[in-house]
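Please read the structure below before turning to the comments.
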Amino acid sequence: MDAKDILGIPKSQLPITQEKKSRPQKETQRKPDGISREVYALTGGLAPLMPSIDVSQLKKRPPSDEKITWQWLPFTNSARKDNLHLYHWVRVVNGIPPTGDYSFAKYNKSVDVVKYTNEEYEKYLTDPMWTKEETDQLFDLCERFDLRFITIADRFPSSRTVEELKDRYYSVSRAILIARAPSAGDVSGHPLVKEPYNVSQETERKRALSMVLSQTKQQERKDAEVLAEARRIAELRMAARAAELHKLPVASHVVPESSQRAVVQGDTVSPLSNVQLPSSVSTPSTSVMTDSASTLASLRMLRVYLRTYALEQMVQAASSSAGLRTIKRVEQTLQELGVNLKPKVPTKAVCAEHLELRKEILTLLNLQKQLQYKEAEGSSYREGSYIDMPGTPKRSHRGGDQDRTFVPDSMSFGGDRVVKRDQKRKGPGRLSEAPSSPAHKRPRKLKASDL
């Protein structure tokens, strides 16, 4: 009987079992030599990011002739003065124990405290606030506790503060160093001589630190609000100052010195001062001043910037109205004068003089352009002829002929366009009784595109 007989289930033939699919065997990595099986199982065969031990050390085996044992042996420490014997485990090779000082004795560092004699004390170290016995006790404690002045103040017999003990020790050491040196320059680089101890500054520093550490949460919150308000007021003032600098060149009626010089020299070139000059040779306008003012305001907003960066910004603002060819001519003039395009020592005075020189060169080039324009204009007036342009009538030099007004032909200068515009105005169904003749219409004005 089986379970089917017990449950009353009819028996049926068992289905043909399918053959199990063969699973591919996992490739097992071979454990490298020199690594224990436990370490390899933990790391999974992955190499560490940084090798902890050289591979050659892993394969290294101790020599067969060496016998290594660990023994419980006594040792002494040279840092101790009581010759105390302690014990520790020591690696012994071939029964020979290691010799030498204790390995941690090299970390015992002591302070070299200056010693003085009675004659030096009477000659250099007398102080009405200190006696010789107190000074001797102070230096003994400094040597004993390695300048741990908190411990020294606790062990000092009289009631002296830590600042007073520090001041006495460092002042005595400084005086002894200066007195024993052949000259003052030999010890000028010593820290005690170069940076003497300031007892008043140390007292004030500790007082301020104690005030900060003793503040409550409410006081800290109030201080943060005051600092935030002060920062907001400073930013508002800077923004107002920047706005004033923007408005100053436009609202001011004072002419800059460079433009005054350009106008005066331009007037001396030619008496025809009422003739309009081209825009390429005009004097620097208020836009240049506005650019320079905005540049200064932007630099002030940075608070911290390099002076060479400020010089580049000022040069760009000063030469913003000039063309690329003019800027190249300014740089060429600087090279001819032997002046570097960027100062090697960009101090405030050097940068100011460099910027002023660039402005003067730019003014000189503008004056040269004005001179050339005036000379060309004067030569044209002397010759009594206009510049030949297409569509411009030439003046007759015959004495008997009179100048006649030039009236362009309406057909050749847009007469058809006038007729079409007239027909468009009338609209459909509005026929005129008599067709308008383009010959009787008023000719339109000439445009620059018609020339």
Side-chain angles (χ1 to χ4, degrees), residues 79 104 106-116 120-121 124-181 184-239 241 299-307 348:
F104 291 94
K106 59 184 178 180
Y107 299 109
N108 181 44
K109 303 295 180 182
S110 59
V111 181
D112 296 332
V113 179
V114 180
K115 300 292 185 179
Y116 55 86
E120 290 176 340
Y121 185 87
Y124 305 108
L125 308 178
T126 55
D127 191 350
M129 302 297 296
W130 286 80
T131 62
K132 187 176 185 304
E133 289 75 12
E134 289 180 336
T135 306
D136 294 341
Q137 290 177 356
L138 173 63
F139 272 73
D140 291 340
L141 292 174
C142 288
E143 185 178 5
R144 179 181 176 185
F145 295 108
D146 293 333
L147 299 183
R148 297 181 179 91
F149 284 98
I150 302 297
T151 308
I152 294 170
D154 183 64
R155 301 296 180 91
F156 201 73
S158 59
S159 59
R160 299 279 188 174
T161 62
V162 176
E163 289 76 18
E164 291 176 349
L165 296 176
K166 285 184 178 182
D167 184 40
R168 180 58 177 170
Y169 171 77
Y170 288 121
S171 60
V172 169
S173 301
R174 185 171 180 270
I176 291 297
L177 288 174
I178 294 175
R180 292 178 181 178
D186 295 341
V187 292
S188 60
H190 197 279
L192 295 178
V193 180
K194 187 177 181 181
E195 299 177 359
Y197 179 76
N198 192 347
V199 60
S200 60
Q201 182 180 358
E202 184 70 11
T203 305
E204 183 65 22
R205 183 188 68 83
K206 286 190 175 181
R207 186 189 67 81
L209 182 61
S210 63
M211 288 178 60
V212 172
L213 295 177
S214 60
Q215 281 184 344
T216 60
K217 294 292 184 181
Q218 184 178 1
Q219 291 176 343
E220 291 180 358
R221 194 181 305 109
K222 187 175 180 180
D223 291 345
E225 292 176 356
V226 170
L227 291 176
E229 183 66 19
R231 192 180 301 110
R232 186 184 67 82
I233 292 173
E235 291 177 356
L236 289 176
R237 288 181 178 177
M238 292 179 65
R241 192 180 298 112
L299 290 176
R300 289 194 183 95
M301 293 295 289
L302 293 177
R303 297 185 181 181
V304 179
Y305 54 86
L306 295 176
R307 189 169 283 117
K348 184 177 182 180

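Because the structure is predicted, anything quoted here is derived from the model rather than measured.
Here the closest non-hydrogen pair linking E202 and R205 is OE2-NH2, 2.6 Å. Residues T131 and T135 approach most closely at O-OG1, 2.9 Å, considering heavy atoms. Closest approach of P157 and Q137 over heavy atoms only: CG-OE1, 2.8 Å. Taking all atoms of both residues into account, the shortest heavy-atom contact from V193 to S188 is CG1-CA, 4.4 Å.
Under the 4.5 Å side-chain criterion, counting only non-hydrogen atoms from C-beta, E164 is not in contact with M129. Residues L138 and W130 meet the side-chain proximity criterion, which asks for heavy atoms closer than 4.5 Å. Put simply, the side chain of L177 reaches to within 4.5 Å of the side chain of L192, judged on heavy atoms. Q215 has its side chain within reach of D223: a pair of non-hydrogen atoms, C-beta onward, lies under 4.5 Å apart. V114 has its side chain out of reach of E120: every pair of non-hydrogen atoms, C-beta onward, lies at least 4.5 Å apart. Side-chain contact check for F156 versus E134: some heavy-atom pair is nearer than 4.5 Å.
With values rounded to the nearest 0.5 angstrom, R155 atom CZ is found 5.5 Å from R144 atom CZ. Distance OG1/T151 to CG/D146: 10.0 Å, rounded to 0.5 Å. Put simply, CG on L209 and CE on M211 are 11.0 Å apart, with the number rounded to the nearest 0.5 Å. In this structure, the separation between CD on Q218 and OG1 on T216 is 5.5 Å, given to the nearest 0.5 Å.
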CA sep, side-chain torsions, deciding dist, call: V113, Y169, side-chain contact (heavy atoms from CB on, under 4.5 Å): CA-CA 10 Å; V113 179; Y169 171 77; 3.9 Å; yes

Using side-chain contact (heavy atoms from CB on, under 4.5 Å), reason through E163 and K206 one step at a time and then give a plain yes or no. CA-CA 10 Å; E163 289 76 18; K206 286 190 175 181; 2.8 Å; yes

Could you check V172 against D127 for side-chain contact (heavy atoms from CB on, under 4.5 Å), going step by step and ending with a plain yes or no? CA-CA 10 Å; V172 169; D127 191 350; over 6 Å; no

Kindly indicate, with the supporting measurements, whether the criterion side-chain contact (heavy atoms from CB on, under 4.5 Å) is fulfilled by Q219 and K222. CA-CA 5 Å; Q219 291 176 343; K222 187 175 180 180; 5.6 Å; no

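Every residue was checked against the salt bridge (charged side-chain N to carboxylate O under 4.0 Å, His left out) condition with D140, not counting sequence neighbours, and none meets it.
Remark: the D136 side chain and the Y116 side chain contain an N/O donor-acceptor pair separated by less than 3.5 Å. For the residue pair S110/N108, the side-chain donor-acceptor check at 3.5 Å is not satisfied.
In this structure, the side chain of S173 does not engage the main chain of Y170 through any donor-acceptor pair within 3.5 Å.
Salt bridge status for R232 with E235: absent, with no side-chain N to carboxylate O gap under 4.0 Å.
Geometrically, K166 does not engage Y197 in a cation-pi contact defined by less than 6.0 Å to the ring centre and at most 45° from the axis.
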